[in-house]
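These figures come from a predicted structure and were not determined experimentally.
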Amino acid sequence: MATAVAASAFLSSTFAPLPRHRRLARNAPRRAAAAGLAVRCEQSDKQKRQPLAALVPREERFMFEGDELCGPDIWNKTWYPKAADHVTTEKTWYVVDATDKILGRLASTIAVHMRGKTEPTYTPSVDMGAFVIVVNAENVAVSGKKRSQKLYRRHSGRPGGMKVETFDQLQKRIPERIIEHAVRGMLPKGRLGRRLFTHLKVYKGSEHPHEAQKPVPLPIRDKRIQKTD
């Protein structure tokens, strides 16, 4: 019985109508806004029309340029590339001749440009790089005794299906695979690396089917990339 009485008292106190003075206090901001009066918790029309330049201290205005005063606060937001900043059809195409070039140094230069590390907008997690075309892949060079000592392994997936061949053997069979294998190892492992690998085009001989992309010579800064006898 006592529990029922307490429950009924709680319900009556909870859902009872508010006193008149509390209802008036709750509706006061609405009436003030309707009457055209300024409310402290809201921004007035005058404040909305006020330019941001008036809100920036005078000694800090040198940090802003042009329209930035009326735009977002660029000092408190880190820039991150959007989809419009790395459109595939607008990427640069490079072409490089692999004749007598050291395999490792050539592959590292290609990987740097494919990742976009030479661009001021480079972002590690975004494809910001370029396309690279490699011609004369059969003439790539290696140092030392790597022609007979460097091994390439592949497996068919069946027991005992391991195939091993030397650099010289693979160069005579599929020369494009040597450069592709070297560059793939220098790209990120994962979804981004698989996407970047599609930007590498390796061909045997001096011809390639990408003249429409108007490729430019690949800039090479490493002077030791060319093999000298």
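Side-chain atoms of Met186 and Ser108, non-hydrogen and from C-beta on, do get closer than 4.5 Å to each other. Looking only at side-chain heavy atoms (C-beta outward), Tyr203 and Glu207 stay at 4.5 Å or farther from each other. With contacts defined as side-chain heavy-atom distances shorter than 4.5 Å, the pair Lys201/His208 does not qualify. The closest side-chain heavy-atom distance from Thr88 to Arg195 is below 4.5 Å. The shortest side-chain heavy-atom distance between Lys146 and Leu103 does not fall under the 4.5 Å cut-off. Side-chain contact between His181 and Ile179: absent, with no pair of heavy atoms (C-beta onward) separated by less than 4.5 Å. Side-chain atoms of Gln171 and Ile178, non-hydrogen and from C-beta on, do get closer than 4.5 Å to each other.
For the pairing with Asp127, the salt bridge (charged side-chain N to carboxylate O under 4.0 Å, His left out) check across Lys91, Arg191, Arg194 returns one residue only, Lys91. For the side chain to side chain contact (heavy atoms under 4.5 Å, CB included) criterion with Leu218, the lone passing option out of Ile110, Val95, Ile133, Asp97 is Ile110. Screening Trp93, Phe131, Tyr94 for a ring-ring contact (aromatic ring centres under 6.0 Å, His included) involving His113 leaves a single residue, Tyr94.
Here the NZ-OG1 distance, from Lys214 to Thr92, works out to 13.5 Å after rounding to the nearest 0.5 Å. Asp100 contributes atom CG, which lies 10.0 Å from atom CG of Asn136 (distance to the nearest 0.5 angstrom).
When all heavy atoms of Val140 and Arg147 are compared, the closest pair comes out as O-NH2, 3.6 Å. Residues Phe197 and Met114 share a closest heavy-atom pair of CA-CE, 4.2 Å. Scanning both residues, Val134 and Ala98, for their nearest heavy atoms gives CG1-CB, 3.8 Å. The two residues Lys227 and Ala141 make their nearest non-hydrogen contact at CD-CB, 3.6 Å. Scanning both residues, Pro175 and Lys204, for their nearest heavy atoms gives CG-CD, 3.9 Å. Here the shortest heavy-atom pairing between Pro81 and His86 reads CB-CD2, 4.4 Å.
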Please tabulate, one pair per line, all N/O donor-acceptor pairs under 3.5 Å involving side-chain atoms of residues 115-125, not counting sequence neighbours.
| unit_1 | atom_1 | unit_2 | atom_2 | d |
| --- | --- | --- | --- | --- |
| Arg115 | NH2 | Pro124 | O | 2.7 |
| Thr123 | OG1 | Thr121 | O | 3.2 |
| Ser125 | OG | Tyr80 | OH | 2.8 |

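For residues 152-164, every residue pair satisfying the side chain to side chain donor-acceptor pair (under 3.5 Å) rule, not counting sequence neighbours, is listed here: Arg154-Glu165.
Leu200 and Leu106 end up in the same hydrophobic cluster when Ile, Leu, Val, Met, Phe, Trp and Tyr side chains are linked at under 4.5 Å.
Side-chain N or O atoms of Lys189 include one that pairs as donor or acceptor with a backbone N or O of Gly185 at under 3.5 Å.
Around CZ of Arg173, the count of heavy atoms belonging to other residues, nucleotides or ligands within 6.0 Å exceeds 12.
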